Amino acid sequence: MAKARDDEALHRMIDAGASPDFTDPKLEWRRVLAEGWGAFLLVAAAAGAAICADVSPDKISYGAAAVAPGLAVMVVIYM
């Protein structure tokens, strides 16, 4: 039953114009790597900005520390 649902979902994706690379299970490592890299950058930006704002509040404002994770997400999306 699950196999039939997977096949049906695959055919819907292909009919909708999804890239053949996206439906290839051998290329799943690229999606996993991209997800892991994006999560790492987001956490590093958020934690790094918070630490920098606490260590030197006169140089980095709390507003800049709050905007840093959003900028990291924007950069990852554009990459």
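Source: prediction; values computed, not measured. All values below were derived from every heavy atom in this structure, side-chain atoms included, with hydrogens, water molecules and symmetry-related copies excluded.
Placement of Leu27 and Leu33 within a single hydrophobic cluster is found when ILVMFWY residues are connected by side-chain heavy-atom separations under 4.5 Å, directly or transitively. Both Trp37 and Val75 are members of a single hydrophobic cluster when ILVMFWY side chains are connected at heavy-atom separations under 4.5 Å.
Applying the under-4.5 Å side-chain rule to Ile, Leu, Val, Met, Phe, Trp and Tyr, the cluster around Met74 extends to Val67, Leu71, Tyr78. Ile51 forms part of a hydrophobic cluster together with Val55, judged by ILVMFWY side-chain heavy-atom separations under 4.5 Å.
Other residues, nucleotides and ligands contribute at most 12 non-hydrogen atoms within 6.0 Å of the CZ atom of Phe40.
Closest heavy-atom contact between Leu42 and Pro69: CD1-O, 3.7 Å. Between Cys52 and Ile60 the shortest heavy-atom distance is CB-CD1, 3.6 Å. The two atoms that bring Ala50 and Ala65 nearest to each other are N-CB, 4.4 Å, heavy atoms only.
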